[in-house]
Amino acid sequence: KYCCSNRPELCFGKFDVGAVGVRAIVRWAVFWYFFVEFFTVFNLYMTNKVIGIESGFTSSIVEIPYLEKYGVAAGDEVIFKDSEGKEEYGLVKYVDRDSSSEDKILFTSKILRKATANDIQKVDSHIDGAKVAMRKCKELIQQSGLDMNVFRAGFSLDGTRVFFIF
């Protein structure tokens, strides 16, 4: 007797879908979805809680907004998106810490996953290539007569970029 619709399949006890309308319920659900998504993203920009990741490529600390869903702890090896949108390997240094500077936070970066054995094998395979690249770089420095010291060379996770610290 609760159904005020001529379509009994839309009546569910005291909640009468026919009275409200299926389209209205869908609109309400879509509204709430975008409302929650907006405030999740908005909250990322308002908070200074970050995860610090030491990039295996650049050896610098990358700070990304902290989200509990990442489920990482200090010492975990992770794959994350860098500022250019490429996948990189890194080591989590700290979690849920206040950022020292909002300018250092990479809001476009995110943790994609914890590093798998395959990812770690890729990183290890790049170590030999980095040694060769460093030797070649030192040779070119000597040939050019430049006054500089190269301390470290590293490859990106996909092996397409090399980074020198001098």
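The shown structure was predicted, so the numbers you read here are calculated from the model rather than taken from an experiment.
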If two hydrophobic side chains count as joined below 4.5 Å and joins carry through other members, does [X] share a cluster with [Y]?
X    : Y    : answer
V72  : I79  : no
V162 : M134 : yes
V150 : V132 : no
I165 : F155 : no

Sorted by chain and residue number, the side-chain hydrogen bond (donor to acceptor under 3.5 Å, both in side chains) partners of D119 (sequence neighbours excluded) come out as R113, T116
Set out, in order, the CA-CA distance, both residues' side-chain angles and the distance that settles side-chain contact (heavy atoms from CB on, under 4.5 Å) for Y94 and E63, then state yes or no.
CA-CA 9 Å; Y94 51 86; E63 290 186 339; 2.4 Å; yes
For a 4.5 angstrom cut-off between non-hydrogen side-chain atoms, does V62 reach D82?
no
Side-chain heavy atoms of F80 within contact of S55, under 4.5 Å:
yes
Examine distances only and state if a side-chain atom of H126 and a backbone atom of L157 form a donor-acceptor pair shorter than 3.5 Å.
yes
Backbone of S125 reached by a side-chain donor or acceptor of D128 within 3.5 Å:
no
Summary of side-chain hydrogen bond (donor to acceptor under 3.5 Å, both in side chains) pairs that have at least one residue in residues 131-153, sequence neighbours excluded:
S59-R152
Taking all atoms of both residues into account, what is the closest heavy-atom pair of A153 and A130, and its distance?
O-CB, 3.4 Å
From [X] atom [atom1] to [Y] atom [atom2], the distance as rounded to the nearest 0.5 Å:
X    : Y    : atom1 : atom2 : result
I120 : K114 : CD1   : NZ    : 11.5 Å
K93  : I53  : NZ    : CD1   : 11.5 Å
E54  : Y89  : CD    : OH    : 9.0 Å

Pick out which of I51, L91, V92 makes a side chain to side chain contact (heavy atoms under 4.5 Å, CB included) with V78.
V92
Show, in sequence, the C-alpha distance, side-chain angles and deciding distance for D158 and E87, and conclude whether the side-chain contact (heavy atoms from CB on, under 4.5 Å) test is met.
CA-CA 8 Å; D158 60 3; E87 290 185 2; over 6 Å; no
Using a strict cut-off of less than 4.0 Å between a Lys/Arg side-chain nitrogen and an Asp/Glu carboxylate oxygen, indicate whether R161 and E84 qualify as a salt bridge.
yes
Looking at F166, I want to see if its CZ is surrounded by more than 12 non-hydrogen atoms of other residues, nucleotides or ligands under 6.0 Å.
no
